[in-house]
Amino acid sequence: MQNTFDHPLPNEQGYFGEYGGSFIPPELQQIMNDIDAAYCEIRQDPEFLSQLASLYQHYVGRPSPIFLAQNLSKKYGAEIYLKREDLNHTGAHKINHCLGEALLAKKMGKQKIIAETGAGQHGVALATAAALLGLECDIYMGEVDIKKEHPNVVRMHILGANVIPATHGRKTLKEAVDAAFEAYLKDPHSQLYAIGSVVGPHPFPMMVRDFQSIIGNEARQQMQQQYGGLPDHVVACVGGGSNAMGIFSAFLDDTEVALHGVEPAGHTMDVAGEHAATLSKGQPGTMHGFKSYMLQDEQGEPQEVYSVASGLDYPSVGPQHAYLKDLGRVNYHAIDDKQAIDAFFELSRMEGIIPAIESSHAIAQACKIAKDGGCVLVNLSGRGDKDIDFVVENYGQAYEIGNKL
Ligand SMILES: *Cc1c(COP(=O)(O)O)cnc(C)c1O
């Protein structure tokens, strides 16, 4: 399938209603304008589009299937379909936008792509795209995440990327974003900052969404073919919001389809710093170059956030999600660590699919929604191989694994 990048929003300044835009130093604004201009050209260029479509098919393995999870469906009472982004090359949806961004960098004559990473999934996906297309690659990663996501760090090294630790604050995703931005400002001409989600200044929320919209475009067609119509509900986890925007984008005009974004409630929603449920608990504000909902501390600084899923612990969210929340088009929920881990084991043991802990948040919410019957489509954004050591070490006992090892 060749993707269509045909969406009414954002406007030319990058606004989704009052959210989005570009709040950055003037020297960086010129660079963003160049990226925007280059992207506007290639998004209509048949050669670029067919190059990307060919990589999606032959390199990533698209279209990813949708799978009717019958055992889960029987238990919870709705037909639950999984969009299998976990089967993509590199194991998650992120390869979809990394290939787009790396191709764009090539077209713009850049030598290097740089980025931040949380769980390491964006770093691995970008390092993969860089290796394929012959670009250098620097990945910024929080020190805490480097320890937690060791296999992904090794993968990036094998792929030839440099992994640069962010050592301040909580040493997780937000600090990695800070470090990557700082490095980018030092040399924005020979590098392209490949943002890892639908966040950052314009044009990134638009561009990353467009590259990810292949998920929804495929899934919409697959549901019609395999289920015979559109689902009643579409569910996706929301960190920065790229896999969710990717699957939602094809259903936004289908008002009979309810859309659900799932944020991490972490340990508890009642204590700031113990969750990362930006849309449920945050307020509109500006950081990392764009306006959206964000979690702030008393000084107005980005709040420290927490989730068991490294890919979800970000104190803001893509501006289109903020817009869709205010509009009431998408319902946003929160699932805590324990519910996510329960869903992780449930999908593993009932369907033989080990999901990423991020995606497990969506599974948990889908099972709640399924109690009303109908048909639920869940975006299974990634596979859980990266999480198995962490899960067994911290939760193995509860699932009677610890004593078997
Ligand atoms: C990074 C990641 C996420 C969160 O990122 P979004 O931009 O919100 O999609 C979710 N699932 C997996 C598997 C990831 O790697």
Side-chain angles (χ1 to χ4, degrees), residues 64 82-98 101 115-126 128 139 141-142 145 148-149 151-152 155 172-173 176-177 194-200 204-205 207-209 211-216 235-249 260-264 276-279 288 292-293 305 307-322 324 330 332 334-335 340 343-344 347 353-365 378-388:
S64 63
L82 308 175
K83 177 62 170 163
R84 300 290 310 274
E85 292 298 296
D86 60 313
L87 294 178
N88 292 343
H89 178 45
T90 69
H93 67 289
K94 290 196 176 78
I95 191 73
N96 300 330
H97 66 247
C98 287
E101 289 175 321
E116 84 293 339
T117 193
Q121 291 298 98
H122 179 54
V124 170
L126 198 66
T128 300
I139 301 296
M141 189 168 184
D145 291 334
K148 190 163 150 195
E149 309 286 354
N152 274 343
R155 279 185 196 106
T172 63
L173 183 58
V177 175
I195 292 180
S197 189
V198 286
V199 298
F204 281 93
M207 201 161 75
V208 171
R209 176 207 58 202
F211 292 141
Q212 289 296 350
S213 63
I214 186 78
I215 302 175
V235 187
C237 66
V238 176
S242 67
N243 85 87
M245 275 323 308
I247 197 160
F248 291 167
S249 60
H260 304 269
V262 187
E263 298 190 306
T278 309
L279 288 160
H288 291 153
S292 185
Y293 276 72
V305 288
S307 164
V308 66
S310 301
L312 301 183
D313 60 357
Y314 182 58
S316 185
V317 65
Q320 193 166 5
H321 285 289
L324 291 167
V330 180
Y332 291 93
I335 287 289
F344 173 94
L347 195 70
I353 297 171
I354 302 177
I357 307 180
E358 289 81 3
S359 323
S360 303
H361 287 72
I363 301 290
Q365 185 64 41
V378 191
N379 198 15
L380 189 58
S381 54
R383 64 179 180 232
D385 302 37
K386 67 184 176 59
D387 299 315
I388 56 176

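Counting starts at 1 for both ligands and their atoms, following the listed order. When reading the values below, keep in mind they use all heavy atoms of this one structure, side chains included, and skip hydrogens, waters and symmetry mates.
Considering backbone and side-chain atoms alike, Lys386 places every N or O at 3.5 Å or more from each N or O of ligand 1. Considering backbone and side-chain atoms alike, Gly241 places an N or O below 3.5 Å from some N or O of ligand 1. At under 3.5 Å, a nitrogen or oxygen of Gly239, whether backbone or side chain, sits near a nitrogen or oxygen of ligand 1. Ligand 1 has an N or O atom lying under 3.5 Å from an N or O atom of Gly240, backbone or side chain.
Remark: ligand 1 atoms within the under-4.0 Å shell around heavy atoms of Gly382 are 13 (C). Applying the 4.0 Å criterion to heavy atoms of Ala356 picks out, from ligand 1, the atoms 13 (C). Contact atoms of ligand 1 toward Ser242: 6 (P), 7 (O), 8 (O), 9 (O) (distance under 4.0 Å to a heavy atom of the residue). Using a 4.0 Å cut-off to heavy atoms of Ser197, the atoms of ligand 1 that qualify are 6 (P), 7 (O). Listed by number with element, the atoms of ligand 1 under 4.0 Å from a non-hydrogen atom of Gly311 are 4 (C).
Heavy atoms of Ser381 found under 4.0 angstrom from ligand 1 belong to the backbone as well as the side chain.
Closest heavy-atom approach to atom 2 (C) of ligand 1 among the candidates Lys94, His93, Gln121: Lys94.
The aromatic ring centres of His321 and Tyr293 sit 6.0 Å or more apart. Taking the six-membered ring where the residue is Trp, the centroids of Tyr314 and His288 are separated by under 6.0 Å.
Here the side chains of Gln212 and Met245 are not in contact, with every heavy-atom distance at 4.5 Å or above. Looking only at side-chain heavy atoms (C-beta outward), Val208 and Asn96 stay at 4.5 Å or farther from each other. Side-chain contact between Phe204 and Glu101 is present, with at least one heavy-atom pair separated by less than 4.5 Å.
Enclosure of atom CD1 in Ile354 is not indicated, since only 12 or fewer non-hydrogen atoms of other residues, nucleotides or ligands lie within 6.0 angstrom.
For the side-chain hydrogen bond (donor to acceptor under 3.5 Å, both in side chains) with Ser64, the lone residue among His93, Arg84, Glu85 that qualifies is Glu85.
Under a 4.0 angstrom heavy-atom cut-off, Ala119 registers as lying outside contact with ligand 1.
Looking at Thr128 and Thr90, their side chains never bring a donor and an acceptor atom within 3.5 Å of each other.
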